[in-house]
Amino acid sequence: MIKKIKEKQQKEIDELKSQLEEAEAILNAIPKGEIDALVISTPEGEQIYTLKGADYVYRILIETMNEGAVTVSANGIITYCNNRFATMLNVPIESVMGSLLTYYIPAEEQSQFTIFLLSKNLAQEVHLQTSDGKLLPVQISISPLEIEESEASCIIVTDMTERKRIENELKNLGDNLQLLVEERTRNLTQVNVELMIEIAERKRIEAKLLENEEALRQAKEAAEIANKAKSQFLANMSHEIRTPMNAILGFCYLLLQMNYPPKHKKYLDIINEAGKHLLTIINDILDLSKIEAGKISIDYQDTVLAEVLDDIMNLLSSSTHSKGIELIYENTGKQFPVIKTDPMRLKQILINLGYNAVKFTNEGVVSINVSIEKETDTHVTLCFSVKDTGMGIPQDKLNQLFNPFSQFSKIKITGTGLGLAISKKLVELMGGTIHVESEEHKGSKFWFVIPFEKGATTQQPESIQDTNEENTISIELNILVVEDNFFNQEVIKELLSNYQLTIVNNGREAVKILENNSFDLILMDIQMPEMDGITACQLIRDRNSKVMNHDIPIIAMTADAMKEDRDLCLNSGMNGYISKPINPHHLNNELRRVLN
C-alpha cells in the first residue's frame, strides 16, 4: 500500500515538472516585450500577473503548484517561494525570501540534507521546522534551473503529513490484524516459546472441537433415529388403536340408530363418548408428534371465516347447554374478507380453546370474539379471543401453560394437557402469536393474532356444495371392500348396507377377483397380509395386468392417519382417502366426491 502511495506521489511530481517545462517553453517562445501581463485561471478565480523578466517563471510556478515551490540559488539561498511553502512553515512569505533553506531544516538533519542538495538526488524525505517549533514531514524533489545564465534549483515540497497518517493507520491496522505475530517479533526467543504454546493450545482446541462435533453429530443422529422411532411407534400405535376403535365407534353408531330402552341407550352413549374421547387423545398425541417432527404442514385455501365460526359455535353449543352456561359470539354480523388459511387447523385451535373454556367454567359465560387488527388491500391481521368466567389460572402457572402435558387445575378434569401446546405450535406455524391472561376465580382470556393473505372475494359455501351433491349415488352401487379385519368387515357391511358389497381379505384376492369381475368402486385397506393396499393399487393401475378396469375408483380406508400416509395413498393412484375410525358422514361425502 505504501509503495503504491509513493508511486502515486512520484507520478504527480513528474506531471508537475512536465507542466512547468511546458509553461516555460511556451513563455520562452513569446518574444520579450510583446506581452505585459498574464491572466491565469485558478480555483479561486482569474489572477492577473505582470510579467517582468524571469519572474514570470516563478509566478506561474506559484499558481500551478499544489505543493510548496521554492527556488534557491547555487549557495542555498531562497530566491523565491510560493504561498503554499510559507503556509507550511507558518511564517509570512516575506520572511522566507533571502533566507537559507537549511535554516528550516532541523539541526540533526542538516548535514544529510546538504549532501542531498549537492548530489541533486531526485527526492528525499526530511522535516521542516515550523515557526511554532513543530516538525512537518515533507518530501523534497529538486530540479536544476538555469535562469539568466545562473545556476539555481527548483525545489518542490510535498506535505507528507497525510501520507504519514495513512502509513500509521496501515501500520495500526496491520498491528490489529496480527497482534500476536507483531508482538512476538520483538523477542525471537519469546516468540518461539509462545508460538509453540499457542500451536499446542490450538491443536488441543481443534481436537476438542472435532471431538465435540463428532459428539454432536452422533447425538443428532441418535436424536433423529429416536425421533423417527418415536414417530413410527406413534404411527403404529395409532394404527393398532384405530383399528379396534373403528369397530367400537362403528357399532355404537349403528346401535344408536336402533330403538333401545333409555337405560341401554344411556350405556351406548357413554361407550360412544368414551370412544370419541379416546380418539381425541390419540389424535392429540399424533398431532404433537407430527409437529415436533416437522411433518405437519398448513394447507392454505380460500376460507370463509363466518363458516368456520358457525361450525365452532355449533360444536360448542351442546357442551355449554349441558352445563347450563351461556355461549356468546360477540360480534354477530361483522363482515370479514375471505382469507387464505387452513380451515381445519384454524378450527382445531378455536375448538381447543373453546373446549378448555367450557371445561373449566361451571357458571357464567363463554364468549368468542374476532376483530380486525390491521387491514390492507392484500392482507388482514385478525385477533381471535376466547373468554370465560371459570376458575382461572394461578399467576405462577401461566408461563408453563403451553407446555405439553401441563395440567394445573386442582379439580380432576379429563384431558391430555396437549390442547394448548398443540394450539400454540399451530398458531406459530401460521405466523401468529398466542397469549393468555387470567385471574383465579374470575376467569381467563386466551387470544391469538395471525396475519392472513386475502383470498377470493366470493366462494360457494361447502354446505351448499354438499347439498347439491346429496342423493346422487345409485342405490345399485356395486362395491369391492378389501379389508382383513373381521370386525371392520362387519362395520362396513352395516354402514353400506344399502349397496351391493363384495368383501375380500387382502390385496392379492382383490387383484384376482378384478380380473374376472367389474365393480363401481373399491374401498381399500392399506396394511394387510400377503399383499398390502398400495401394492394392490399399483397392480390395478398397471395397464399390463389382467385387471378388467384399470381406472376403477379406489378409496383408501385405513387406520394410518398421518398426512404422509394420505399422500402415499393418493400418489400411488388412489382417488380418495378416509381414516379409521370411519365417520359415516365423511364416508358418504367421499363416495359422492369420488364417484361424481
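Values below: every heavy atom of this structure, side chains too, minus hydrogens, waters and symmetry copies. Computed from a predicted model, the values in this text were never measured in an experiment.
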Margin query: Which residues pass the salt bridge (charged side-chain N to carboxylate O under 4.0 Å, His left out) test with Arg543, not counting sequence neighbours?
Written below: Asp551
Next item on the list: Could you name each residue pair satisfying salt bridge (Lys or Arg N to Asp or Glu O under 4.0 Å) that touches residues 362-373, not counting sequence neighbours?
Entry: none
Margin query: Suppose we screen for side chain to side chain contact (heavy atoms under 4.5 Å, CB included). Which residues come up paired with Glu453, at least two apart in sequence or across chains?
Written below: Lys340, His379
Item checked: Test side chain to side chain contact (heavy atoms under 4.5 Å, CB included) applied to Ser438 - qualifying residues, sequence neighbours left out -> Ile393, Leu398, Ser444
Next item on the list: Can you sort out the partners of Lys266 under side chain to side chain contact (heavy atoms under 4.5 Å, CB included), two or more places apart, ordered by chain and number?
Entry: Ile270
Item checked: Contact list for residues 247-264, test salt bridge (Lys or Arg N to Asp or Glu O under 4.0 Å), sequence neighbours left out -> none
Check: What pairs with Leu255 under side chain to side chain contact (heavy atoms under 4.5 Å, CB included), at least two apart in sequence or on another chain?
Finding: Met258, Tyr260, Leu268
Checklist line | Qualifying residues under salt bridge (charged side-chain N to carboxylate O under 4.0 Å, His left out), relative to Glu213, sequence neighbours excluded | finding: none
Next item on the list: Evaluate the criterion side chain to side chain donor-acceptor pair (under 3.5 Å) for residue pair Arg345 and Gln348; output intermediate values, then yes/no.
Entry: CA-CA 5 Å; Arg345 295 302 180 186; Gln348 185 177 357; 2.7 Å; yes
Next item on the list: State which residues pass salt bridge (charged side-chain N to carboxylate O under 4.0 Å, His left out) with Glu326; sequence neighbours excluded, sorted by chain then number.
Entry: none
Return a table of donor-acceptor pairs under 3.5 angstrom between the side chains of residues 506-514 and protein atoms on other chains or two or more places apart.
{"from": "Asn506", "atom 1": "OD1", "to": "Arg508", "atom 2": "N", "distance (Å)": "3.0"}
{"from": "Asn506", "atom 1": "OD1", "to": "Glu509", "atom 2": "N", "distance (Å)": "3.0"}
{"from": "Glu509", "atom 1": "OE1", "to": "Asn505", "atom 2": "N", "distance (Å)": "3.0"}

Note to self: So, using salt bridge (charged side-chain N to carboxylate O under 4.0 Å, His left out) as the criterion, who are the partners of Asp542 when residues are at least two apart?
What the structure shows: none
Note to self: Test: salt bridge (Lys or Arg N to Asp or Glu O under 4.0 Å). Region: residues 479-507. Which pairs qualify, not counting sequence neighbours?
What the structure shows: Glu483-Lys580, Glu490-Lys493
